[in-house]
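Read through the structure below, which is laid out as structure tokens, and then see the notes.
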Amino acid sequence: MSKIRVRFPPSPTGNLHVGNARTALFNYLFCKHNEGTFVFRIEDTDRERSRDEYIQNEIDAMKWMGIQWDEGIEIGGQHGPYKQSERMSLYQEHIQRLLDTQHAYVCFCSAEQVEMDREEARTNSLPPRYSGRCRNLPQSEVKTRIANGEPYVIRFKLPDQNDVQVTDLIRGTKFFPVSSLDDFIIVRTDGMPTYNLAVTVDDALMEITHIIRGEDHFFGNTPRQVLLYEALGYPVPIFAHMPMILGDDKTKLSKRHGAFAITEYGNMGFLPEAFVNYMAFLGWSPKTEEEFFTLDELIQRFEVTNVNTSPAIFDYEKLKWYNAHYLRQKSCEDLFKIAQEDLIAKGFLTNEKDKTFYLQALAHMKDYIVLTTDIVNYIESIDAYNGIQPDRIPEIQTPEMIELLPALIRHFSVDEKWSPDFVLNAIRNAGKESKVKGKHLWMPLRLIMTNEDQGPEIYLVIYLMGKEKVLDILKALLSKI
RNA sequence: GGCGCCAUAGAACAACGGUUAGUUCGGGGGGCUCUCAAUCCCCAGAUAGGAGUUCAACUCUCCUUGGCGCUACCA
């Protein structure tokens, strides 16, 4: 079997989103599992909507996920250029070939006229297809009309055959009736090739052997492209159409589902390994009960034939669960590195001594972290804390507290080594003395020390704050109640 | 409207045509002498409906229903 070549061709009309990312991932897994070549190409024939910043975003997202390409944008390769806008002469050549071999023809029908035809067909419950009006125009007429400056498009002439065969690794071999298609446009009035023509030429020239993409291409585009391959005399690749990813309302994922750019997931606190692991399970499973896989492990285990046919819903909660799992696997040193930039940005982390302190804090908080952004938040809650907010003071203004506060101060002040155990015992003893325990002891204490109702073990927080700061806070409070 | 794809708990995935339909997330409850998280234990929850093939159907076939998708001079 010849070497496998796959491609990922996003159009730069928006940031790379979840659906794209999964397509890229599955292509990559399939490709590397079979030691193939991964081509990353940009489909920017839609001049109106394509923007360079989106290309950059797509590149960044791929890098974030850890998907490396062997040929393509940024790095070049044997089959370049890798931007469709730079491949016009190639398309021109193929269009001419199609024209010369009678596989395509010039059509002068206006968009409005065609639309009217379609409407009429629809009202008569017929498939809305192009009438074929310009199919057999004499060459001489075509020439003069073009010479007269009449606008035209170029259409592909459907061959005289019953059906198109599509080999799909996920859905099996399918036959599409040619009658369900019409003479589709391959060159627009402005002279730009359409998607179907451009992808086909690119895939053929780049010697792509397997096309893995979303199911939304299955019905409309695939048979057209196969026909184009055949007309051009190129070998037809093997397809694999993956199920769609849906939002929680079961419709195609879009912005309104919070379908952020992939690069945003990093900013929101997700680890690429968690994201990739979760994505892989959207439509694929190893057929076992294992659930944690690194990218390399996924490559080893991935089989396209194990990809499901039913659509999957993107579950943000499960993504978070994966994220927390991977975060817990990290060393404190790694967690620190992840948070470092944000810590500096927020004005923490001013000298070496701080780092030791943060590493210590991280060790105690590891289990409480779900998103990487939690790290900074937790540290902030310890480091920048200045005492309970005045509006919450009434909540702790109880007779017990008036007794407890001095007891706490006394026990914390004892001249012993400040350690987690020491703090824990001090709190217990103070509680015993003032006859408060359980919720009535811990919850007000938590409120006093963090101004929050929940968080990590409060004695650890107190320990991490340090003796001096804790006493300051308690004493300040004592004077207020 | 036409055509296509899909159908196991709220979600993601399992189950050679063969006991009691399994796992994870989420939900509920409990333990861990404060909360949340982690961890441990427990609970609820599914084969869309109907025919057929078969000794036997989640699994195969057909129909119905439902969901989604495609039906562009967007990709």
Side-chain angles (χ1 to χ4, degrees), chain A residues 9-14 43-46 48-50 84 107 109-111 114-115 118 121-129 151-155 170-171 174 176-177 179-182 184-196 198-199 213-222 241 243-244 246 248-252 278 281-292 306 308-322 324-325 328 365-370 374 427-428 431 437-447 450 452-459:
Chain A
S11 65
T13 53
E43 309 218 320
D44 57 349
T45 48
D46 184 350
E48 301 278 302
R49 299 191 297 154
S50 296
Q84 286 187 330
C107 169
C109 298
S110 70
V114 172
E115 192 43 49
R118 257 198 275 268
R122 250 188 280 257
T123 36
N124 296 329
S125 318
L126 292 167
R129 302 192 291 139
Y152 64 93
V153 297
I154 298 176
R155 288 182 183 273
I170 297 171
R171 287 155 207 280
K174 296 277 176 203
F176 291 90
S179 61
S180 69
L181 271 22
D182 68 354
F184 56 93
I185 293 174
I186 54 176
V187 178
R188 299 194 275 254
T189 317
D190 64 2
M192 290 292 282
T194 59
Y195 163 74
N196 277 310
V199 240
R213 57 177 20 166
E215 189 207 327
D216 43 345
H217 287 277
F218 192 45
F219 180 67
N221 295 196
T222 307
H241 287 94
M244 309 279 285
L246 275 25
D248 50 16
D249 61 352
K250 295 184 195 282
T251 62
K252 205 173 169 179
Y278 174 66
F281 275 77
L282 242 30
W284 173 84
S285 98
K287 302 285 174 196
T288 65
E289 279 168 12
E290 298 157 277
E291 46 197 350
F292 297 113
N306 281 357
N308 288 102
T309 46
S310 56
I313 293 171
F314 188 84
D315 184 353
Y316 191 73
E317 289 304 316
K318 193 145 190 179
L319 208 211
K320 284 208 307 209
W321 175 75
Y322 269 110
H325 169 83
R328 254 175 273 127
M365 321 213 122
K366 225 168 151 180
D367 286 349
Y368 299 87
I369 300 168
V370 175
D374 292 339
I427 296 170
R428 281 179 176 158
K437 56 179 181 180
K439 274 190 177 50
H440 305 290
L441 167 62
W442 297 94
M443 286 309 282
L445 185 59
R446 171 178 297 285
L447 196 54
T450 65
E452 300 285 344
D453 301 314
Q454 49 171 277
E457 303 260 18
I458 193 63
Y459 76 93

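The chains referred to below are lettered A, B, ... by the order of the sequence lines, with proteins before strands, and numbering in each begins at 1.
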Ignoring hydrogens and angles, does a donor from either the side chain of [X] or the base of [N] sit under 3.5 Å from an acceptor on the other?
{"X": "A:T189", "N": "B:C73", "answer": "yes"}
{"X": "A:N221", "N": "B:A75", "answer": "yes"}
{"X": "A:E457", "N": "B:C34", "answer": "yes"}

Checklist entry - Out of B:A75, B:C73, B:G67, which nucleotide sits closest to the side chain of A:I185? => result B:C73
Distance, rounded to the nearest Å, where [X] contributes [atom1] and [N] contributes [atom2]:
{"X": "A:I458", "N": "B:U35", "atom1": "CD1", "atom2": "P", "result": "13 Å"}
{"X": "A:I427", "N": "B:C34", "atom1": "CD1", "atom2": "C1'", "result": "10 Å"}
{"X": "A:E290", "N": "B:U23", "atom1": "CD", "atom2": "P", "result": "16 Å"}

Next on the checklist: Partner lookup for B:C68, please. Criteria are Watson-Crick or G-U wobble with both distances under 3.5 angstrom; report none if nothing qualifies.
Outcome noted: B:G4
Checklist entry - Partner of B:A38 by Watson-Crick or G-U wobble geometry, both contacts under 3.5 Å, or none? => result none
Next on the checklist: Is there aromatic stacking of A:F219 on B:G4 here, judged by a ring-centre distance under 5.5 Å and a plane angle under 30°?
Outcome noted: no
Item to check | Face-to-face stacking of A:H217 with B:G69, centres under 5.5 angstrom, angle under 30° | outcome: no
Could you tell me whether [X] contacts a base, only the sugar-phosphate backbone, or nothing, with contacts defined as non-hydrogen atoms closer than 4.0 Å?
{"X": "A:Y368", "result": "base"}
{"X": "A:A312", "result": "sugar-phosphate"}
{"X": "A:K174", "result": "sugar-phosphate"}
{"X": "A:R129", "result": "nothing"}
{"X": "A:I369", "result": "nothing"}
{"X": "A:C109", "result": "base"}
{"X": "A:T13", "result": "nothing"}
{"X": "A:R428", "result": "base"}

Are OP1 or OP2 of [N] and a side-chain N or O of [X] less than 4.0 angstrom apart?
{"X": "A:R118", "N": "B:A72", "answer": "yes"}
{"X": "A:N308", "N": "B:A12", "answer": "no"}
{"X": "A:S285", "N": "B:A14", "answer": "yes"}
{"X": "A:K250", "N": "B:A7", "answer": "no"}
{"X": "A:K287", "N": "B:A14", "answer": "yes"}
{"X": "A:R155", "N": "B:A72", "answer": "no"}

Checklist entry - Angle class for the A:F176/A:F218 ring planes (parallel below 30°, perpendicular above 60°, tilted otherwise)? => result perpendicular
Item to check | B:C58 and B:U53, which share atom name P, separated by this distance in whole Å | outcome: 16 Å
Checklist entry - Do A:Y316 and A:Y278 have ring centroids that are under 6.0 Å from one another? => result no
Item to check | Closest-nucleotide ordering on RNA chain B, the 5'-leading residue of A:A324 and A:P286 | outcome: A:P286
Checklist outcome for this item: Note: for A:E43 and A:M443 on RNA chain B, the residue whose nearest nucleotide lies more 5' is A:M443
Next on the checklist: I'd like to know if the side chain of A:R155 reaches the main chain of A:D182, judged simply by a donor and an acceptor atom lying under 3.5 Å from each other, with no hydrogens or angles considered.
Outcome noted: no
Checklist entry - Considering residues, nucleotides and ligands other than A:Y368, do more than 12 of their heavy atoms fall under 6.0 Å from its OH? => result yes
Checklist entry - Which value, rounded to the nearest 0.5 Å, describes the distance between A:K250 atom NZ and A:M244 atom CE? => result 14.5 Å
Next on the checklist: With side-chain hydrogen bond (donor to acceptor under 3.5 Å, both in side chains) as the test, pick out the partner of A:T222 among A:H241, A:H217, A:K174.
Outcome noted: A:H241
